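This is a predicted model, so every value here is computed, not measured. In each ligand, atom 1 is the first atom listed, and ligand 1 is the first ligand listed.
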Amino acid sequence: MAEFDLIALIRDRCAVAREDVRLGIGDDAALMAVPAGQLLAVSTDTLVAGVHFPLATHAYDVGWKALAVNLSDLAAMGATPAWATLALTLPQADSRWAGQFADGFAALAGEFKLALVGGDTTQGPLSITVTVHGFVPADGALLRSGARVGDGVFVTGTPGDAAAGLHCLDHAAADAAELPSAPAGLREALIERLNRPVPRVAQGLALRGHATACIDVSDGLVADLTHICAASGVGAQIDADSLPPSSALLSLFDTATRRAFQLNGGDDYELCFTASDERASTLLGDLARTGCGATRIGRIVAGRGDAPVQVRVTDSTGTELTIARAGWEHFS
Ligand code: ADP
Ligand code: MG
């Protein structure tokens, strides 16, 4: 299959009509109209095979995840998704793989009425770069820098599931031998959270105008909350026992393992945000109505000068826990 056939295949499978796309795939650049009074929010993320997803990941899941991780960044800004571009590097022009990849991408694009307006297709080791564009009212974006001492710290959903899913994939053979009676479907549920993260777009919109700071959890809850602390010039204290576990996480892992996944595991794409006590109860009600609620896990405290660790983690008795590894970092 030739490059242009591949592009046509992807274009056809990802067709989403939008009035604001004046010129889509096919020319040297796409042309779009940004609504008056709105700012354009732009974000890019790359997925490298074997680094950001296991080599054996199904093409559909790769397509889904490549878009999901990008939509998650728009969600964390409180932006409404509109358009995307896709730079695809493939070892071979495999139409079957590309078709399944496009179906996964299109499933999520369709859900958010997001138009694929362009991209690039090249040959090389499998790597996918998506750039997403969305809108946010001027002054309406959720930033990392707005957390204030006294705010509550919250997280949507059940963090830790994706890291547990990766553990399940890595230990599939050993677990099958050791735990033949583990309830069916629990591992699959966790693996699904790894392969098909659901970007919290509706939740990001609900937070707009209420949350003081927000970030999406891609590298690990503690690591990403540390970014909020650094940008806001504050510290945070969280109670590990207040982190809500999914029923699969609770049934399959002991407390220590669960905590490690919940505090340090990446790839969840939940939102971690801060809000004042006055706003919190309305906000939690609004979030629950979106179908994905949030939980209060701690509070923002004064920063500790140049101390390297700005996020303190305790258990419910107040005993401080040491965090072995603060989250995923490339080149470390
Ligand atoms: P150029 O040589 O001008 O960069 P290309 O031949 O790379 O153009 O691409 C032709 C058209 O197809 C452009 O509109 C480009 O945006 C689009 N395109 C190429 N690859 C992809 C892709 N993977 N996904 C979506 N659009 C693509
Ligand atoms: Mg090109």
Side-chain angles (χ1 to χ4, degrees), residues 1-35 38-75 77 79-135 195-199 201 218 267 269:
M1 179 172 238
E3 178 187 338
F4 293 105
D5 296 330
L6 261 184
I7 297 172
L9 180 154
I10 291 167
R11 182 196 60 210
D12 294 348
R13 297 216 186 189
C14 297
V16 169
R18 285 182 65 103
E19 290 254 300
D20 53 13
V21 179
R22 302 295 151 78
L23 187 64
I25 292 172
D27 214 307
D28 292 312
L31 300 173
M32 290 86 72
V34 181
Q38 306 269 311
L39 295 180
L40 187 61
V42 180
S43 184
T44 296
D45 257 319
T46 296
L47 299 190
V48 177
V51 177
H52 298 97
F53 58 88
L55 292 171
T57 306
H58 193 279
Y60 184 100
D61 291 341
V62 176
W64 174 287
K65 190 163 181 173
L67 183 53
V69 303
N70 276 279
L71 288 174
S72 176
D73 283 317
L74 289 183
M77 296 299 289
T80 305
W83 317 304
T85 58
L86 167 64
L88 196 52
T89 303
L90 297 174
Q92 302 103 25
D94 176 344
S95 62
R96 196 178 133 82
W97 193 94
Q100 291 169 341
F101 171 90
D103 285 344
F105 188 99
L108 207 47
E111 199 169 308
F112 292 101
K113 303 205 170 6
L114 173 123
L116 180 64
V117 297
D120 199 23
T121 305
T122 52
Q123 188 170 24
L126 179 60
S127 164
I128 304 102
T129 298
V130 174
T131 301
V132 282
H133 307 75
F135 313 132
N195 288 334
R196 303 233 189 124
V198 176
V201 172
S218 54
D267 267 6
Y269 301 98

Subject >> Leu88 N/O under 3.5 Å from ligand 1 N/O >> reply: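 No; the residue has no nitrogen or oxygen that sits under 3.5 Å from a nitrogen or oxygen of the ligand.
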Original post:
Ile25 to ligand 1: N or O pair under 3.5 Å?
Top reply: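 It does not: no N or O of Ile25 is found under 3.5 Å from an N or O of ligand 1.
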If you define the side chain from C-beta out and look only at heavy atoms, does anything of [X] sit under 4.5 Å from [Y]?
X      : Y      : value
Thr85  : Val130 : no
Phe112 : Val132 : no
Asp267 : Lys65  : yes

Original post:
Residues in side-chain hydrogen bond (donor to acceptor under 3.5 Å, both in side chains) with Ser127, at least two apart?
Top reply: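 For Ser127 there are no side-chain hydrogen bond (donor to acceptor under 3.5 Å, both in side chains) partners, ignoring immediate neighbours.
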Original post:
Side chain, backbone, both or neither: which part of Ile7 comes within less than 4.0 Å of ligand 1 when only heavy atoms are counted?
Top reply: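 Only the side chain of Ile7 comes within reach of ligand 1.
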Subject >> Which segment of Asp27 sits under 4.0 Å of ligand 1 when only heavy atoms are counted >> reply: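 Under 4.0 Å from ligand 1, Asp27 contributes backbone atoms alone.
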Subject >> Matching residue for Leu114 among Leu67, Val16, Leu108 - test: side chain to side chain contact (heavy atoms under 4.5 Å, CB included) >> reply: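 That would be Leu67; it is the only one of Leu67, Val16, Leu108 passing the side chain to side chain contact (heavy atoms under 4.5 Å, CB included) with Leu114.
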Mark up the atoms of ligand 1 that fall under 4.0 Å of a heavy atom belonging to [X], in ascending order.
X      : value
Gly118 : 16 (O), 24 (N), 25 (C), 26 (N), 27 (C)
Asp28  : 3 (O)
Gly26  : 11 (C), 13 (C), 14 (O)
Phe4   : 6 (O)
Leu116 : 25 (C)

**OP:** Show the numbers, then the answer: is there a salt bridge (charged side-chain N to carboxylate O under 4.0 Å, His left out) between Asp20 and Arg18?
**Re:** CA-CA 5 Å; Asp20 53 13; Arg18 285 182 65 103; 2.7 Å; yes
**OP:** Could you name the option among Thr89, Leu86, Leu90 that has the heavy atom nearest to atom 22 (C) of ligand 1?
**Re:**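 Shortest heavy-atom distance from atom 22 (C) of ligand 1: Leu86.
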Subject >> Residue list, ring pair (Phe, Tyr, Trp, His ring centres under 6.0 Å) with Tyr60, at least two apart or on another chain >> reply: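 For Tyr60 there are no ring pair (Phe, Tyr, Trp, His ring centres under 6.0 Å) partners, ignoring immediate neighbours.
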